[in-house]
Amino acid sequence: MDLSNLKPPAGAVTKKKRVGRGNSSGWGRTAGRGEKGAKARAGGSKGPGFEGGQMPVIRRMPKFGFKNFARKNYAIVNLRTLAVKFPQGGEVTPDLLVANGVLNKTLDGVKILSEGDVTMALNVTAHKISAKAKEKIEAAGGSVTLIEVAEPVKTKRNKAKLNAAKRAASATTEKSED
Amino acid sequence: MANIDVVNASNEKVGSVDLADEIFEAEVKPHLLWEVVRNQMANRRAGTKKTKSRAEVAYTGSKMYRQKGTGRARAGSRRSGVRVGGGHIFALAPQDWSYKVPKKVRKQALVSALADRKREGKLLVVDDFGLTEIKTKAMAEALAKLGATKALIVVGERNEIIEKSARNIPYVKVLPVAGLNVYDVLKHEHLICTKDAVGLIQERLG
């Protein structure tokens, strides 16, 4: 093998379709766009929700509701799952839940709910926990520690501030390594 | 574990070194070589080209002459692409041509390239070029004796003596293991590794 005999595997490269390059190409005249008119031009299609010129539903109805930008999304874990994944009891932390494949990611925080039962002593660390779940864990001899939920990064100003803090932190660690 | 002879600068056997089968006896996959070389070529495109579109040409935006009554063709803009001195219709713009190939593909392609050189008997392991000073003539003679005048020389660590001795020899390139790549392996007919480079290659790809 050298540079002269490299070639793509069959089917890896498709030839670009060149439209409007003469009738003998098969894609001449209307270039695959049907007949002439608005729909044959660039940008010549109606947007979603267009109802033929009649006032569409999305404009006929008044706006309602709002989106809560401060909303926090919690990753939910039930006691049933903990009982299966931690049969020996012991520590349960958000990082461990991810490591054990219970959660893919912790979102804004982890909340423990009470479905199912636990019989082993679990030392649970989570951002939130339902009252009933706490009761059940403590009844089984475990303990519950709450961790504070980090403020979600939403606004531009907030983001810049966090980035600056991160940079400052990494700068000091680099210095200490020197 | 396959063995390969280690030779000195006069092509005399001075020992042997183990080669990992999963690298040097691996299946050669030509499609991966193609994919990675194509990527390397694309990534090194500078993409520095630029012409002015009608929005960027420095002329007034006002209508050249009135719509009716002049006897001339209708004309809206001095900057139009159909006029002399006007902008380009599809103006060129600086463009980044680089794209990424999955890490596993890159690694497998390099393994393929190394295995290919081994299979064709074009992999040589040299313990030492016997150079004590920067001397192109000595390097050229060594390569001639090894029968590898178009070669990629892979050294473990950057080595000024080898690099400078080889850099004026046509079709020869010196790379440290960290710089080993599919394109350069394929570009040069022979692959000459120093003994420590073999170990480092296996570490990197193992």
Side-chain angles (χ1 to χ4, degrees), chain A residues 1-47 95 98-101 103-106 153 156 159-160 163 166-167 170-171 173-175 177-178, chain B residues 23-44 53 81 89-90 99 101-102 105-106 108-123 148-152 170-173 175 180-192:
Chain A
M1 293 295 299
D2 60 56
L3 294 176
S4 71
N5 51 25
L6 289 177
K7 61 167 191 251
V13 179
T14 42
K15 216 170 176 184
K16 200 172 161 187
K17 186 169 88 180
R18 300 179 75 226
V19 302
R21 300 292 137 133
N23 283 343
S24 63
S25 71
W27 297 103
R29 208 172 95 89
T30 53
R33 305 194 67 125
E35 288 300 333
K36 301 195 299 180
K39 281 194 253 179
R41 315 290 175 209
S45 64
K46 303 297 175 202
D95 288 342
V98 173
N100 283 356
L103 298 173
N104 275 332
K105 43 187 162 185
T106 56
V153 180
K156 250 184 187 169
K159 219 174 206 173
N163 283 342
K166 213 185 267 175
R167 240 177 284 128
S170 69
T173 52
E174 266 164 35
K175 252 176 222 160
E177 273 163 19
D178 288 344
Chain B
I23 297 172
F24 292 97
E25 297 296 327
E27 186 192 346
V28 178
K29 297 178 176 169
H31 61 282
L32 294 184
L33 300 178
W34 168 78
E35 190 175 343
V36 172
V37 169
R38 179 173 180 263
N39 172 252
Q40 284 187 274
M41 299 322 284
N43 288 358
R44 71 188 213 182
S53 74
I89 300 281
F90 292 113
Y99 65 97
V101 169
V105 172
R106 272 182 269 165
Q108 271 306 309
L110 188 51
V111 166
S112 269
L114 296 175
D116 181 70
R117 285 292 174 271
K118 168 74 171 57
R119 205 184 56 178
E120 291 179 5
K122 287 176 176 171
L123 172 69
T149 46
K150 297 178 178 179
L152 176 67
Y171 313 114
V172 172
K173 185 167 185 173
L175 279 179
L180 187 60
N181 65 86
V182 178
Y183 174 79
D184 280 320
V185 171
L186 294 181
K187 189 179 175 195
H188 301 89
E189 194 181 338
H190 284 86
L191 179 65
I192 303 177

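This structure is a prediction, so every number in the text was calculated from the model and none was measured. Below, chain A is the first sequence line, B the second, and so on; all start at residue 1.
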Are any of the side-chain heavy atoms of [X] and [Y] separated by less than 4.5 Å?
| X | Y | result |
| --- | --- | --- |
| Val98(A) | Lys105(A) | no |
| Glu189(B) | Asp2(A) | no |
| Leu123(B) | Leu114(B) | no |

Residues 31-40 of chain B: residues contacting chain A (heavy atom under 4.5 Å, by number):
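Answer by number: His31(B), Leu33(B), Trp34(B), Val37(B).
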If you measure from the Lys or Arg side-chain nitrogens to the Asp or Glu carboxylate oxygens, is any gap between Arg119(B) and Asp116(B) under 4.0 Å?
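Result for this pair is yes, salt bridge flagged.
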Counting only heavy atoms not in Asn5(A), do more than 12 fall under 6.0 Å of its CG?
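Yes.
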Return the set of residues passing side chain to side chain donor-acceptor pair (under 3.5 Å) with Arg29(A) (not counting sequence neighbours), or none when no residue passes.
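Testing Arg29(A) for side chain to side chain donor-acceptor pair (under 3.5 Å), a comparison that skips the adjacent residues, returns Glu35(A).
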